[in-house]
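Naming: A, B, ... by sequence-line order, numbering from 1 per chain. In this text, all values refer to a predicted model and were calculated from it rather than measured experimentally.
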Amino acid sequence: MRPRTKALVAAGSGIAAGLAGLALTALPAGADDDPVLPAIGAEELVTSALAAEPPAFAGVAEVQNELGLPALPATTGTESAAELLDFDEVRVFHDSEENARVQVERRTSELTFVKNANEAWAYDSKKNAAKHVTWDDADVAAARERAGAWTADGMTDGMADPSQAAAEIIERLRPTSDMVVDGTARVADRAAYELVLTPKPSEKTLLREITVAIDEETRVPLRFDVYANGRSEPVLSLGFVEFEVGAQDAGLFEFTPPEGAEVETTDAGDAARAAGERAGAEDIEQSTTTVGDGWDAVVVGEAPAEAPSEAPAEYGQDLDGLLGQFGEPVSGEFGSGTHVQITVGGVILTDDGRFAAGAVPQQVLVDALDGQ
Amino acid sequence: MTTLPTADTALSGTLPARRRAPIVRLLRAEIRWIFRRPRTLVVLGLLAALPVITGVAVNLTVDPGASAPPGPGPIGPGGEAPIFVTMATSAFVLPLGSLMTLLILMLPLTVAMAGGDALAGEQSTGALRGWLLAPVARGRLLVVKSVGVLAVALVASALVVTSGLVTGLVLAGTDGLVSMSGTELSVGDVLWRLAFAIAWSTVYLMGVGAVALAISASTEHPMLVVVSVLGGLIVSQVLLQFSALDWLHPYLLPTSVNSLVDLIRDPVSFDGLAEGAVRALCYLVIGMSLAYARLTTKDG
């Protein structure tokens with residue numbers, strides 16, 4: 001009987017060890033208890049996060065998307081939103097100064113973005129094509145000036161001071177939202193504070209709350225979760241699963257396109273001037289208006305007229321059919337249209353080419369259109 | 001199996017003397033035995049031919065203009081261009097792409113065949129009887145048989161990669177040694193990545209081989225071993241298609257194969273590959289312990 005017991009012991013322990021090992025690979029990392037951290041107020045946390053300089057780090061981020069985006073067929077040259085979010089993971093490298101490298105990894109291809117002191121590259125392995133943007137110090141100064149003008153215009157000029165900026169942001173959010181530090185969490189095996197933003201009960205939104213996990217040590221936001229009403233799991237979660245602070249190899253921030261790749265070079269200064277002449281951004285601003293504020297703000301505007309013509313004919317013909325498939329017809333004082341709903345919001349496209357979009361239920365969109 | 005030192009060990013009778021039986025000679029005999037089987041040679045020949053066929057076929061379909069950039073390659077049936085079409089026939093992507101494709105079924109099939117022959121096959125022809133009656137510890141018998149399977153796994157992986165590398169070098173020279181992140185790689189860089197791929201694939205295949213040995217030890221039909229292993233792999237791959245079974249995927253061996261793509265990225269991220277290796281080792285432990293348990297209780 002001895003060989004038999006030996007065999008049983010060998011089989012039993014081997015299977016147990018193997019299954020335990022497999023279970024270990026299946027366990028999500030950092031499932032430990034929440035860390036104990038000194039208490040901190042929301043305002044103080046936001047201030048410190050705004051003041052903090054990002055350290056040199058290498059990280060891996062993942063996205064989980066339960067938005068329920070309709071899978072529209074991709075048109076040539078563009079990708080539908082659902083496809084843009086379809087990647088395995090993103091690797092991020094940063095050197096605490098102006099250099100950064102981001103690699104968006106898909107199953108069989110990769111998008112690589114490299115930015116250093118005076119150029120930026122975007123390389124798409126599927127198309128073997130690279131976009132190259134260069135700028136010089138004068139462009140940087142001009143950009144700063146524009147940014148300065150924008151902040152002075154839109155916000156108080158105290159934006160440069162983090163504590164004032166934090167106070168400003170919280171002050172702006174106060175009428176519509178509650179912001180609290182709700183405990184701690186372990187993200188990418190690091191201790192982090194959970195900053196929670198919830199809409200006030202008066203807000204007519206589909207969103208329940210937004211949480212941002214802020215690293216205790218470096219004050220870098222590590223994870224961003226959006227929760228919708230009636231769901232316990234986040235509908236959109238973007239966060240690091242690995243985050244390691246440390247100096248990065250300088251070679252990571254240099255990029256030379258491979259031989260044979262299509263390279264398209266633009267100069268940031270020229271591009272900005274050209275954009276200024278076209279004033280495209282302002283056009284969009286003028287053609288849309290915002291109804292309401294806070295969480296139930298609805299953007300109403302004219303659908304861009306040239307969009308349908310870009311779509312290839314075979315899709316263009318069924319665009320209406322597709323809308324019918326994903327959306328449901330609505331009508332009101334504004335006329336009639338189609339309502340497409342995803343978990344965090346919705347869009348109404350009216351038959352006369354207008355749209356209204358927001359993180360709100362259908363009735364609020366209809367009211368916004370009616371009010372126009 | 002005439003190499004067994006039966007007379008010596010029977011006479012000396014002491015344990016240490018028996019432990020010193022020439023295992024190297026047993027291993028050499030086993031490996032010679034495996035690589036003299038015509039079926040092993042035929043399968044290995046096929047494995048070596050497939051990267052060549054892929055390379056030549058892709059080279060013919062993709063615009064052969066030397067200076068023209070490959071551009072967006074022909075789109076695969078799934079709408080997404082398979083990696084070894086987008087990067088054409090480079091000496092870097094062709095071996096890795098071939099290895100990944102063959103790891104889905106062909107390489108596991110080869111290993112399962114070797115595992116099936118090792119115990120069940122010899123049992124059915126009566127060759128195992130000599131082993132079981134001889135004073136060779138059953139554990140060492142299993143070691144010898146596992147090393148035989150390991151040799152097949154290593155040779156098969158190395159053959160696929162080498163054949164792909166040579167085909168790529170003939171078709172494209174050292175052009176196009178480009179990572180998916182757009183960086184050009186030196187020949188040395190490419191070689192260590194390929195060597196790593198061979199090592200990883202061997203570990204993966206040993207996970208399959210250990211399960212094959214466990215089944216092999218409990219039956220005398222080598223065909224049953226091959227069928228069960230392939231059936232298991234196909235079922236696993238079907239289960240992998242269901243996102244509702246996410247929780248199950250880390251337990252399935254084929255989950256790891258896609259991690260090989262990470263070797264084409266720059267810098268290489270080893271997380272997925274390390275996890276895959278751990279997963280294969282877990283299967284190895286389970287398979288080996290079952291094979292051992294079955295073998296020690298087997299009657300001559």
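- In terms of heavy-atom pairs under 4.5 angstrom with chain B, the leader among A:G21, A:A17, A:A11, A:G12 is A:A11.
- The interface of residues 203-210 of chain B with chain A, defined by heavy-atom distances below 4.5 Å, is empty.
- At a threshold of 4.5 Å between non-hydrogen side-chain atoms, the residues A:Q103 and B:M180 do not count as touching.
- Atom CD of B:E275 sits about 10.5 Å away from atom CG of A:L24, to the nearest 0.5 Å.
- Of the atoms belonging to A:E242, it is side-chain heavy atoms, and not backbone ones, that fall under 4.5 Å from chain B.
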Going by atom type alone, with no hydrogens or angles, which donor-acceptor pairs under 3.5 Å involve a side-chain atom of residues 280-293 of chain B and a protein atom two or more places apart or on another chain?
| residue | atom | partner | partner atom | Å |
| --- | --- | --- | --- | --- |
| B:Y283 | OH | B:Y251 | O | 2.6 |
| B:S289 | OG | B:V285 | O | 3.0 |
| B:S289 | OG | B:I286 | O | 2.9 |

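- Looking only at heavy-atom pairs under 4.5 Å with chain A, the residue among B:R265, B:H249, B:E184 that has the most is B:R265.
- Residue A:A16 does not touch chain B at all, counting heavy-atom pairs closer than 4.5 Å.
- When every heavy atom of B:D262 is checked against every heavy atom of A:E105, the shortest pair comes out as OD1-OE1, 4.4 Å.
- For A:H94, there are no side chain to side chain donor-acceptor pair (under 3.5 Å) partners two or more places apart in sequence or in a different chain.
- To the nearest 0.5 angstrom, A:R101 atom CZ is 6.0 Å from B:D266 atom CG.
- Within the 4.5 angstrom heavy-atom criterion, no atom of B:T255 approaches chain A.
- Within the 3.5 Å criterion, the main-chain N or O of B:T296 finds no donor-acceptor partner in the side chain of A:R4.
- Looking only at side-chain heavy atoms (C-beta outward), A:V60 and B:S269 stay at 4.5 Å or farther from each other.
- Within the 4.5 angstrom heavy-atom criterion, no atom of A:A129 approaches chain B.
- Between the side chains of A:E110 and B:S181, at least one donor N or O sits under 3.5 Å from an acceptor N or O.
- Applying a 4.5 Å heavy-atom cutoff, none of the residues of residues 237-245 of chain B approach chain A.
- Environment of NZ in A:K131: sparse, with no more than 12 heavy atoms of neighbouring residues, nucleotides or ligands closer than 6.0 Å.
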Apply side chain to side chain contact (heavy atoms under 4.5 Å, CB included) to the pair A:L22 and B:R279, showing each step before the final yes or no.
CA-CA 6 Å; A:L22 285 176; B:R279 192 172 292 131; 3.5 Å; yes
